[in-house]
Amino acid sequence: MPEFPTVNFSEAGQGLFSNEEIKRLMRAECVRAKRYGYPICVLLVGIDRVDQLGDLYGAESRATIQREVAELMRAVTRASDMFGCKLSGSFLSFYPHTPRAEGPRIARRLLDRTRRLVFDEGAASVAVTLSVGIASAVEDPVDFDFDVLIGHAQSALRKAQDSGGDRFAVYVPPPPVPESSATIPGGLEAIGKELERMLTEKVAEIFHSMGREVPDFHGHEREVLELAVSRMNDERAQLMEDHKRQYDLLERRLSKLAGNLEMTEAELKSTMARKNIDPGVASIYRTVQGLSAAEEDAELKKEMMSKIFEANLELQKRDE
Amino acid sequence: MTKENKGEQSESDGKGHGVLYLGIDLGTSRTSVAGSNGVRATVPSFVGYPKDVVSRKLLKKDVLYGDEAIEKRLSLDFYRPLEHGVLKGSTDGSGDQPNMRAARDLLLEIVRRSQPRKDELVYAVIGAPAQASIQSKNAIVEIAKEAVDSVMLCSEPFAVAYGQDMLEDVLVIDIGAGTVDLCRMHGTMPEDADQITLTTAGDHVDAELMRAIKASHPEAQFTTQMVKAMKERHATIAEVVGRIHVDLPVNGKPTSFDLTDEIRSACQSIVPPIVDGLGKLVATFDPEFQERLKNRVLLAGGGSQIKALDTAIELEMKERLGGGKVMRIEEPIYGGADGALKIAHDMPEEFWEKLK
């Protein structure tokens, strides 16, 4: 571990080492840690809403706040155990020989102390909070790359800030992307079996940790299935019952409507009869009329018809 | 063939598909119709109108006809629009409007009952009493024009004879409620001298029966309608029949009366006038054909349903005219209507057209 201070959180780079030099030292420490296999922990600390505070209370107040936070960071950890520098407006603290679990403890301490800070800005008292992103390099050789490690810390910091600030977030590597089913022997079925096995193991582990007997999964599965089938049958029966009730109701309505229709038809017929709109009976003499020459006494009848006609013609003319 | 094809005529008024011919017997007691569509109907010649709003609501009709009108007559302004075979008020020129309206409605009803199609013209021949006055005939024509497209009148007894195809040397007796029409057919159209109209008809029998019952059973209570119904059920002149017992109320209590003699006497009362008329028609006929005429007497009309009337007339003719043969037609109710329908059918189309 270096015996000289390797922390420079000033904007202007005042101090024994410049920011760039400290970064170089950090890189060298990463290579060394990878080679000797000791863990590294990195905290990237950002002051929440620092730009808004600057806008509200001026650049001087912002600088004061940043200075106070830098002092606080020095205070929560022995300066000889760490490297520190400014990185894009945030404070980067680098802890060699520090296990993964130590990062959150440092962050909690830092957050608690910061909450107690109060800045007097005229009539107003300004409280400041921090967001902390934590990344570690423990086993994976890739993590010991300085840029990778800083990237993880930045990702964790964004997560803390996006969650509202005044908190820390630990970088968690994404789960390994499963190989496509096409490439796994047995395809989806095999994946399903594998997942089932993993789930069974996990559940068994949980039960063991609770000091209890691992349940009979297959027995429970049968029970659950039977219960589900029974429930489904009940629901189906209920549904059938509802449908039957609806069907009966509709049948009754149909029957009633049919009755009404018959009554309406009867009423219509009655109305037609009353209004004399019966289509009537066709005359059997629709096309042929008059005396046939072959008829007996045809001439006599014709003469009689003429006389009847003349008498009626005279009668009706007289009337006119 | 001289039958005329009417398929292409009568396109006016939207009616161009055919003609319905009707024969109508507009009678004092009963109006009958026979149609060329095969429909026959008869309705008692009574018309009633609800007396007030209450009866209108109860009866649910504006006009009632026939038996229904008789049955509900206490709730109705009740009309019998014909008397002695003619429209009431048509002969004296009084223009009895209620009866004229009733007659018009009656005619509309009888035409409706013949079930004409909407697309058909309706031509009707109506039987009128043989000696009806010009005014009476005019009145019938006037109301008929509201019910049909073309109308003609003819003598009722002539229509009966024409319907029976008995046009030569026949004496027709058409006994209605209002008149008895006698007609002498001798191969030509009968003239006034060939026809006699008597008023000693069905109504006369009713009146005689009422008078007789009142005389013999003054305690009995009855109305004209009751007497008419009694006559239509029991009318007879036969000597050998069972006794006729009829229940009539006496102070509200139904009482059985033996009315055999009264009924027989009342029915018998129309025989002498009929034989008188026949005698006149025979006496004024060619002597060479008188015997034949006496032996061809045709009995028709509702009144001809009196039991043994034909025999009674024959007996009276034998006594006063030296003999005679009376034939009853098969359907007395429709004899006039059937004959009128036959005339309507045989009438040339152009005649109908001219009278439209």
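To find a chain, count down the sequence lines: A is the first, B the second, and so on, and within it residues start at 1.
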Exercise. Would you say the side-chain atoms of A:Gln316 pair up with the backbone N or O of B:Val151, donor to acceptor, closer than 3.5 Å?
Worked result: yes
For this session: List the steps and the verdict of side-chain contact (heavy atoms from CB on, under 4.5 Å) for B:Leu167 and A:Lys301.
Result: CA-CA 9 Å; B:Leu167 302 176; A:Lys301 286 179 178 175; 3.9 Å; yes
Nearest 0.5 Å please: distance from the [atom1] atom of [X] over to the [atom2] atom of [Y].
X: B:Glu168; Y: A:Leu300; atom1: CD; atom2: CG; value: 6.5 Å
X: B:Met347; Y: A:Met305; atom1: CE; atom2: CE; value: 5.0 Å
X: B:Ile343; Y: A:Ile308; atom1: CD1; atom2: CD1; value: 4.5 Å

For this session: Show the numbers, then the answer: is there a side-chain contact (heavy atoms from CB on, under 4.5 Å) between A:Leu313 and B:Phe351?
Result: CA-CA 9 Å; A:Leu313 191 62; B:Phe351 291 172; over 6 Å; no
Problem set entry | Exercise: identify the closest heavy-atom pair between A:Met304 and B:Met185 | CE-CE, 4.2 Å
Problem set entry | Residue B:Lys342 versus chain A: region with a heavy atom under 4.5 Å | side chain
For this session: With a 4.5 angstrom heavy-atom cut-off, could you sort out which part of B:Val125 is near chain A: side chain, backbone, both or neither?
Result: neither
Is the count of non-hydrogen atoms from other residues, nucleotides or ligands lying under 6.0 Å from [X] atom [atom1] greater than 12?
X: A:Lys307; atom1: NZ; value: yes
X: A:Glu241; atom1: CD; value: no
X: A:Gln246; atom1: CD; value: no
X: A:Arg197; atom1: CZ; value: yes

For this session: Could you check A:Leu315 against B:Met152 for side-chain contact (heavy atoms from CB on, under 4.5 Å), going step by step and ending with a plain yes or no?
Result: CA-CA 10 Å; A:Leu315 177 71; B:Met152 290 191 202; over 6 Å; no
Exercise. Taking A:Ala311, A:Ala298, A:Ser306 one by one, which has the highest count of heavy-atom pairs under 4.5 Å against chain B?
Worked result: A:Ser306
For this session: Flag this pair as yes if the NZ/CZ of B:Lys354 is under 6.0 angstrom from the six-membered ring centre of A:Phe309 and inside a 45 degree cone about the axis; otherwise no.
Result: no
